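Just so we're clear, the structure is a prediction, and the values are computed from it rather than from any experiment. In listed order, ligands and their atoms are each counted from 1. Note that these values count all heavy atoms, side chains included, but never hydrogens, waters or copies made by symmetry.
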Amino acid sequence: MIKVEKLHKSFGKNEVLKGISTQINNGEVVAIIGPSGSGKSTFLRCINKLEEPTDGKIWIKGADITDRQTDILKVRQNVGMVFQHFHLFPHMTVLENLTYAPLKVKKTTKSEAENTAMDLLEKVGLAVKAQEYPSKLSGGQKQRVAIARALAMNPEIMLFDEPTSALDPEMVKEVLDVMKTLAHSGMTMAIVTHEMGFAREVADRVLFLDGGVLVEDAPPNEFFSHPKSSRAQDFLQKVL
Ligand code: ADP
Ligand code: MG
């Protein structure tokens, strides 16, 4: 689904990603962890070209997105993204948030878009909020709407950048539960997270980034029980 080869990204003289190579297979759930500033967000943002890689290659379902000939808008339709701070459209109802992109980009009919949207809101437990505005929702509800909105485009890949970091503690679980259900449905997912329990339970693999280097790439049991590098050992000692 995703293949990354020798990915480099610099901002000016600051080299933030220093040659990352990995791949994420169909249906795999990958947790990306590491210290603040290690390049996790930049890595995720390169995958759907919200950042332009400085060097290296990235393929999404075989399409080389670093090739200028590739239609990135088309590729992006297949890659949903969920951010720490939700980014819902504040002037639209929950339902309109979900139907906006399908109507605009996919030329879906209104009734079809609304049916899909209501199904998704049902799945994240928020059908009753369809006509509310985002400002009326709690953080956990907003994030569940943001996930449903990304799913409304029917993507095959979902990227999450610290989806629970901005939430009050009591709202973290309701969002992780939605993500867990999605993971079990076979969605291909890359999740930047500080929720180590979730990573351990749900991820198929953990990618540990430090200083722009992919230091470890291992199944969660192996990573959490026997981290190989001293950098991962130090990190885990601080967070666990
Ligand atoms: P993480 O998500 O692991 O905390 P980031 O990918 O956000 O790390 O950032 C890694 C480094 O890249 C940081 O030093 C940050 O300041 C820098 N950086 C990120 N985005 C930009 C940008 N748009 N312009 C300049 N520097 C950036
Ligand atoms: Mg980040």
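Within a 4.0 Å radius of atom 16 (O) of ligand 1, the protein contributes no non-hydrogen atoms.
Side-chain N/O atoms of Ser225 and Arg200 include a donor and acceptor closer than 3.5 Å. With 3.5 Å as the limit, one finds no donor-acceptor pair spanning the side chains of Thr42 and Glu51.
Using a 4.0 Å cut-off between a side-chain N of Lys or Arg and a carboxylate O of Asp or Glu, Arg205 and Asp217 qualify as a salt bridge. In this structure, Glu216 does not pair ionically with Lys228, as no charged nitrogen and carboxylate oxygen lie closer than 4.0 Å.
At the shortest separation from atom 14 (O) of ligand 1 among protein heavy atoms lies Asn14 ND2, 3.6 Å. Residue, atom and distance of the protein heavy atom nearest to atom 12 (O) of ligand 1 are Val16 CG2, 3.1 Å. Of the protein's heavy atoms, Phe11 CE2, 3.5 Å lies nearest to atom 23 (N) of ligand 1. Closest to atom 5 (P) of ligand 1 among all protein heavy atoms lies Thr42 OG1, 3.7 Å.
Distance check for Ser41 against the Mg ion (ligand 2): an N/O/S atom falls below 2.8 Å.
Here the closest non-hydrogen pair linking Pro155 and Asn78 is CB-O, 3.4 Å.
Between atom 10 (C) of ligand 1 and the options Gly12, Ser41, Gly211, Gly37, the minimum heavy-atom separation is to Gly37.
In this pair, Tyr100 and Phe89 present their aromatic rings perpendicular. The plane angle is above 60°, beyond the 30 to 60° band.
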